[in-house]
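Order of appearance sets the numbers: ligands from 1, and atoms from 1 within every ligand. Owing to the predicted nature of the structure, the values given are computational and were not obtained by experimental measurement.
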Amino acid sequence: MVVIGIESSCDETSVAILEDGKILSNKIYTQQEHTAFGGVVPEIASREHIKKIDRLFRNALEESNKTIEDLDLIAVTDRPGLAGALLVGISFSLGLHTAYEIPIIGVNHLEGHIASVTLENEVPFPFIALVVSGGHSSIYRVNDFGSYDLLGQTIDDAAGEAYDKVGKMLGFSYPAGKDIEECAKSYDGTDLIDFPVGKVKLHEGHNFSFSGLKTAVKYHAQKLTPEQVETEKPLICHSFQTAVIKAVLKNLKNACKDTGIKEIAMVGGVACNGTLRKALQDAFGNSVYFPRPILCTDNAAMIAKAGLEAYNRGERRTPHMQPTSDISRRGKKC
Ligand code: KG4
Ligand code: ZN
């Protein structure tokens with residue numbers, strides 16, 4: 001079965017081809033146009049997707065040695081995401097579907113991120129999935145493909161958003177996750193700034209709060225001169241990242257304890273972070289799984305995989321846009 005995945009929910013345009021669940025091609029274009037604005041500008045994102053999607057589509061077919069006639073299923077991200085950006089991928093997919101009568105299925109982007117870990121790993125169900133990206137920080141109990149229980153989520157900023165906002169304060173360009181990680185690595189001292197790990201007492205579940213941490217970094221930086229900020233950057237980045245890792249470990253340990261599940265998958269852009277990956281491996285050993293970094297950030301291979309699994313279990317959903325990120329209501333009409 002040959003599946004084409006199409007992703008355009010934010011600032012990556014991506015087209016992938018899978019054959020029997022294996023990646024033949026996974027073309028990704030990351031828009032650089034947002035760097036100057038310190039964050040994604042929705043209008044620019046839509047325009048850039050339009051410029052790139054056709055070329056990526058052709059390149060993906062070429063690399064896979066496939067033609068349009070070989071395609072058995074189109075899987076396209078239809079939620080959540082920037083409306084104008086999603087429309088580009090959805091309209092392109094509907095065009096293909098109509099012209100060539102290829103079956104089509106809409107895919108939730110978060111379900112795609114969770115499926116990404118199964119592209120190249122055999123992860124036994126049930127497992128705990130930590131989705132940490134620019135837009136989301138959530139923990140799910142994954143019973144099977146298509147069956148998710150939400151165990152916790154951020155009540156304010158997402159983990160990646162905290163990285164990006166702290167990065168902006170420290171003068172890194174958007175997105176700042178990778179730069180903060182690199183800068184933190186260059187710190188060779190032992191002292192740490194005691195930034196707070198978010199406590200979320202009022203909400204049930206294993207929730208995150210990164211906004212207090214972000215503000216603490218802001219107040220700390222405000223007390224310093226620009227020169228001092230520059231010198232202290234490695235210490236600030238290291239201390240910030242240590243607080244993020246503490247929050248992640250605390251919630252994951254509690255989620256495992258509560259559910260009795262040992263297997264953990266970390267997915268989403270922040271899961272590229274090598275220091276965080278190592279911390280999870282140190283804490284959970286062989287029962288932790290990650291996608292390769294290129295499959296952690298937004299890509300269409302993960303959408304194709306989630307679409308394939310949904311199709312195989314008999315789900316049929318014509319793409320239609322919904323602003324929801326909820327994937328824990330499967331089986332109900334949405
Ligand atoms: O999954 P993704 O590509 O897009 C969303 O669905 O949001 O994630 C992008 C996020 C950005 O916030 C970026 O700063 C973060 O992932 N990120 C990282 C690293 N690489 C990317 N955060 C921390 N460490 C990294 N190495
Ligand atoms: Zn994403």
Side-chain angles (χ1 to χ4, degrees), residues 5-14 16 26 28-32 34-35 37-40 42 45 49 76-82 85-86 89 107-117 129-138 140 153-154 157-170 172-186 208 210 213-214 217 237-238 240-245 247-248 265-280 290-306 323 325 327:
I6 296 185
E7 157 67 34
S8 71
S9 64
C10 192
D11 57 341
E12 263 90 18
T13 324
S14 181
N26 187 23
I28 305 167
Y29 173 71
T30 301
Q31 302 176 352
Q32 305 301 323
H34 308 284
T35 308
F37 299 94
V40 177
H49 285 309
V76 58
T77 308
D78 66 347
R79 66 188 66 171
L82 304 171
L86 283 169
V107 173
N108 184 306
H109 183 81
L110 290 188
E111 198 171 356
H113 273 302
I114 293 174
S116 70
V117 74
L130 169 72
V131 185
V132 267
S133 68
H136 302 275
S137 294
S138 314
Y140 294 95
Q153 60 189 328
T154 182
D157 291 344
E161 193 180 354
Y163 267 94
D164 297 335
K165 286 179 176 169
V166 164
K168 198 171 179 182
M169 289 172 209
L170 299 177
F172 294 113
S173 57
Y174 174 88
K178 195 165 189 287
D179 287 343
I180 291 189
E181 181 185 5
E182 287 309 314
C183 185
K185 273 190 203 151
S186 69
F208 295 100
F210 292 112
L213 169 60
K214 173 196 67 186
V217 175
C237 290
H238 185 69
F240 162 76
Q241 188 165 269
T242 302
V244 172
I245 294 174
V248 165
M266 179 169 71
V267 300
V270 180
C272 292
N273 189 295
T275 315
L276 180 56
R277 287 163 94 104
K278 174 149 189 330
L280 260 66
F290 315 108
R292 266 187 295 145
I294 194 70
L295 300 173
C296 285
T297 44
D298 289 350
N299 68 88
M302 67 185 197
I303 302 304
K305 181 71 198 281
S325 61
I327 52 171

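- Distances between N or O atoms of G177 and those of ligand 1 include at least one value under 3.5 Å.
- Those atoms of ligand 1 that come under 4.0 Å of a heavy atom in H109, given as number and element, are 6 (O).
- Residue contact annotation: Q241 has no non-hydrogen atom under 4.0 Å from ligand 1.
- Heavy atoms from both the backbone and the side chain of T297 come within less than 4.0 Å of ligand 1.
- Centred on the Zn ion (ligand 2), the NE2 atom of H109 and the OD1 atom of D298 lie at an angle of 90°, reported to 10°.
- Nearest to atom 7 (O) of ligand 1 among the protein's heavy atoms is G134 N, 2.8 Å.
- C10 has its side chain within reach of V40: a pair of non-hydrogen atoms, C-beta onward, lies under 4.5 Å apart.
- Going from atom SG of C183 over to atom NE2 of H238 covers 11.0 Å, rounded to the nearest 0.5 Å.
- Note: no N/O pair closer than 3.5 Å links Y163 and ligand 1 by distance alone.
- Using a 4.0 Å cut-off to heavy atoms of H113, the atoms of ligand 1 that qualify are 1 (O), 6 (O).
- For the pair V131/S137, no side-chain contact is recorded, criterion being any heavy-atom separation below 4.5 Å from C-beta on.
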I'd like to know whether Q31 forms a side chain to side chain contact (heavy atoms under 4.5 Å, CB included) with E12, so could you lay out the CA-CA distance, the side-chain angles of the two residues, the decisive distance to 0.1 Å, and finally the verdict.
CA-CA 6 Å; Q31 302 176 352; E12 263 90 18; over 6 Å; no
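- Under a 4.0 Å criterion applied to the non-hydrogen atoms of P175, ligand 1 contributes the atoms 13 (C), 14 (O).
- Regarding atom 24 (N) of ligand 1, its nearest protein heavy-atom neighbour is N273 ND2, 3.0 Å.
- One finds a salt bridge joining E182 and K185 here, because a Lys/Arg side-chain nitrogen approaches an Asp/Glu carboxylate oxygen to under 4.0 Å.
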Test side chain to side chain contact (heavy atoms under 4.5 Å, CB included) on T275 and T242; report intermediate values, then the result.
CA-CA 9 Å; T275 315; T242 302; over 6 Å; no
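- Near G135, meaning under 4.0 Å from one of its heavy atoms, ligand 1 places the atoms 7 (O).
- Contacts with ligand 1 closer than 4.0 Å are made by no heavy atom of H136, backbone or side chain.
- The structure places CG of D157 at 4.0 Å from NZ of K214, a figure rounded to the nearest 0.5 Å.
- Considering backbone and side-chain N/O of G269, one or more are found under 3.5 Å from N/O of ligand 1.
- For C10, the closest heavy-atom approach to ligand 1 does not fall below 4.0 Å.
- Residue contact annotation: C10 places no N/O/S atom under 2.8 Å from the Zn ion (ligand 2).
- Close approach of ligand 1 to G160 is summarised as follows: ligand atoms under 4.0 Å from at least one heavy atom of the residue are 12 (O).
- At least one N or O atom of E181, backbone or side chain, sits closer than 3.5 Å to an N or O atom of ligand 1.
- Between V166 and K168 there is no side-chain heavy-atom pair separated by less than 4.5 Å.
- Aromatic rings from Y163 and F240 are positioned such that their centres are separated by under 6.0 Å.
- Put simply, the side chain of Y140 reaches to within 4.5 Å of the side chain of I327, judged on heavy atoms.
- The protein non-hydrogen atom at the shortest distance from atom 3 (O) of ligand 1 is D298 N, 3.0 Å.
- For atom 11 (C) of ligand 1, the closest non-hydrogen atom on the protein side is D164 OD2, 3.5 Å.
- Two residues are said to be in side-chain contact when any heavy atoms from C-beta on lie closer than 4.5 Å; V267 and P291 meet this criterion.
- Residues C296 and R277 meet the side-chain proximity criterion, which asks for heavy atoms closer than 4.5 Å.
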